[in-house]
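Accompanying notes for the structure given below.
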Amino acid sequence: KNIDNIILATTNLKNDKKLTEIATKNKINFFCGSKSNLINRTIECSKKYNFDYFLRVCGDRFYFDYNMIDLQLKKIKEKNIQFDMMSSNVVRKVDQGLTIEVVSAKALKKIVLNNKRISNYNKEHLTSIFYKFRDKHNIKTIKLPSYFYNGFKYTVDIKKDIERIKFISNNIKKNSFMSNIQERVNSLRPNVVSFRFGKDGVPIIDAVFKKGWKIPVVKGIEASIAD
């Protein structure tokens with residue numbers, strides 16, 4: 001509701017042309033830029049579409065609480081809050097994939113102007129330089145409910161993550177898939193399972209717990225919902 005424009009900012013590589021084709025088909029604006037310099041790509045994108053602030057949503061984040069995001073954006077607009085970056089990871093990191101970051105395009109441009117040498121790591125990780133030199137930037141903290149800190153992983157980084165996401169999605173009632181994570185968990189069927197992956201990548205159920213119990217997250221084992 002409080003987002004003016006959705007832009008797919010991808011690379012100018014031939015392989016990513018598929019993404020722009022999907023964006024075009026769905027009438028989504030897109031920008032193609034540097035693969036290795038994400039800061040430069042974002043700055044050039046901001047020039048083309050003339051935006052002052054942007055909400056960062058990485059492509060590996062399948063599940064994110066857009067109701068909570070919309071609430072934060074509404075507060076920013078109503079209170080006219082000025083900042084270089086507003087983030088949920090300033091004091092404590094939320095579960096992987098649930099991060100909320102709103103960044104000032106102007107602040108990003110200043111970083112390039114004031115830093116002649118930006119490391120390759122910071123070029124590839126858009127907001128890392130804000131966290132590293134937080135005392136030099138106007139950073140605001142986004143406070144989130146406790147269910148953002150359960151120790152779960154919602155991102156897709158490797159092939160096994162795709163299987164896990166499928167496993168989670170297939171075991172959630174289609175008519176109860178809500179944007180709010182807490183509401184979604186409360187609406188799930190009564191049994192909660194922990195599972196791991198076999199050699200073939202197929203999830204193996206390890207144990208079943210009653211709904212409401214604390215779900216253990218062990219190294220090599222993820223938690224999800226089953227029928």
Side-chain angles (χ1 to χ4, degrees), residues 1-13 16-90 94 96-116 118-134 136-144 148 154-155 179:
K1 296 178 182 178
N2 288 286
I3 294 178
D4 300 318
N5 197 357
I6 296 177
I7 304 167
L8 170 67
T10 185
T11 76
N12 47 26
L13 295 180
D16 285 336
K17 188 177 180 181
K18 294 179 181 179
L19 298 176
T20 61
E21 290 174 353
I22 294 173
T24 300
K25 184 178 180 180
N26 291 278
K27 298 181 180 180
I28 297 173
N29 291 319
F30 64 86
F31 178 84
C32 300
S34 172
K35 174 186 179 295
S36 58
N37 193 333
L38 189 53
I39 291 180
N40 183 66
R41 189 200 312 172
T42 306
I43 290 174
E44 293 304 313
C45 181
S46 71
K47 291 178 180 178
K48 179 177 179 178
Y49 289 100
N50 193 32
F51 55 78
D52 298 317
Y53 292 90
F54 63 93
L55 168 72
R56 183 190 183 207
V57 179
C58 298
D60 61 359
R61 299 175 188 174
F62 275 65
Y63 299 121
F64 53 92
D65 193 337
Y66 59 78
N67 277 341
M68 184 59 68
I69 289 173
D70 192 65
L71 177 63
Q72 298 301 324
L73 295 178
K74 184 179 179 181
K75 287 181 180 179
I76 292 171
K77 288 185 176 182
E78 289 180 348
K79 297 182 180 181
N80 192 28
I81 302 174
Q82 302 297 310
F83 56 87
D84 291 339
M85 180 178 72
M86 183 173 281
S87 169
S88 59
N89 282 358
V90 178
V94 300
Q96 292 183 55
L98 303 183
T99 301
I100 300 176
E101 293 174 325
V102 185
V103 184
S104 163
K106 184 178 180 180
L108 207 58
K109 293 172 185 175
K110 280 185 178 180
I111 287 176
V112 175
L113 290 173
N114 296 332
N115 295 274
K116 294 182 179 180
I118 299 177
S119 68
N120 290 332
Y121 177 86
N122 287 327
K123 287 179 181 178
E124 294 177 15
H125 298 80
L126 186 64
T127 57
S128 61
I129 200 164
F130 285 107
Y131 294 110
K132 186 176 181 179
F133 302 105
R134 62 183 64 184
K136 296 182 180 181
H137 302 285
N138 180 16
I139 300 178
K140 304 291 184 182
T141 300
I142 296 176
K143 296 180 180 180
L144 297 173
F148 276 80
Y154 298 93
T155 55
S179 64

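Residues that satisfy the salt bridge (charged side-chain N to carboxylate O under 4.0 Å, His left out) test with Glu21, not counting sequence neighbours, are absent from this structure. Partners of Asp4 by salt bridge (charged side-chain N to carboxylate O under 4.0 Å, His left out), not counting sequence neighbours, listed by chain and number: Lys77. The salt bridge (charged side-chain N to carboxylate O under 4.0 Å, His left out) test applied to Lys109 returns no partner, not counting sequence neighbours. Partners of Asn138 under the side chain to side chain contact (heavy atoms under 4.5 Å, CB included) rule, at least two apart in sequence or in another chain, are Phe83, Asp84, Lys140.
The one candidate from Asn89, Ile100, Ile142 that meets the side chain to side chain contact (heavy atoms under 4.5 Å, CB included) condition with Val94 is Asn89.
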Hey, can you pull the donor-acceptor pairs under 3.5 Å for the side chains in residues 24-31, sequence neighbours left out?
| unit_1 | atom_1 | unit_2 | atom_2 | d |
| --- | --- | --- | --- | --- |
| Thr24 | OG1 | Thr20 | O | 2.8 |
| Asn26 | ND2 | Ile22 | O | 2.8 |
| Asn29 | ND2 | Asn5 | OD1 | 3.0 |

Which donor-acceptor pairs under 3.5 Å do side chains of residues 126-134 form with protein atoms, sequence neighbours excluded?
| unit_1 | atom_1 | unit_2 | atom_2 | d |
| --- | --- | --- | --- | --- |
| Thr127 | OG1 | Arg56 | NH1 | 3.1 |
| Thr127 | OG1 | Glu101 | OE2 | 3.1 |
| Ser128 | OG | Asn122 | OD1 | 2.6 |
| Ser128 | OG | His125 | O | 2.9 |
| Tyr131 | OH | Ser87 | OG | 2.5 |
| Tyr131 | OH | Glu101 | OE2 | 2.6 |
| Arg134 | NE | Tyr131 | O | 3.2 |
| Arg134 | NH1 | Val90 | O | 3.0 |

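With hydrogens and angles ignored, the 3.5 Å screen pairs a side-chain donor or acceptor of Asn37 with a backbone N or O of Asn40. Looking at Arg41, its side chain never comes within 3.5 Å of a backbone N or O of Cys32 through a donor-acceptor pair.
For the atom pair Asn115 CG and Leu113 CG, the distance stands at 9.5 Å (nearest 0.5 Å). The SG atom of Cys45 sits 4.5 Å away from atom CZ of Phe51, with the distance rounded to the nearest 0.5 Å. To the nearest 0.5 angstrom, Leu73 atom CG is 9.5 Å from Met86 atom CE. To the nearest 0.5 angstrom, Cys58 atom SG is 4.0 Å from Arg61 atom CZ. Of the inter-residue distances, the one linking Glu44 atom CD with Thr42 atom OG1 reads 10.0 Å to the nearest 0.5 angstrom. Here CD1 of Ile6 is found 6.0 Å from CD1 of Ile3. Values are rounded to the nearest 0.5 Å.
Checking Asp16 against Thr11 by side-chain atom types alone, a donor-acceptor pair falls below 3.5 Å. Under the 3.5 Å distance criterion, with hydrogens and angles disregarded, a donor-acceptor pair is assigned to the side chains of Asn80 and Gln82.
Salt bridge absent: Glu78 and Lys75 never bring a charged side-chain N and a carboxylate O closer than 4.0 Å.
Contact of the Leu108 side chain with the Val112 side chain is not registered, since no non-hydrogen atoms from C-beta on lie closer than 4.5 Å.
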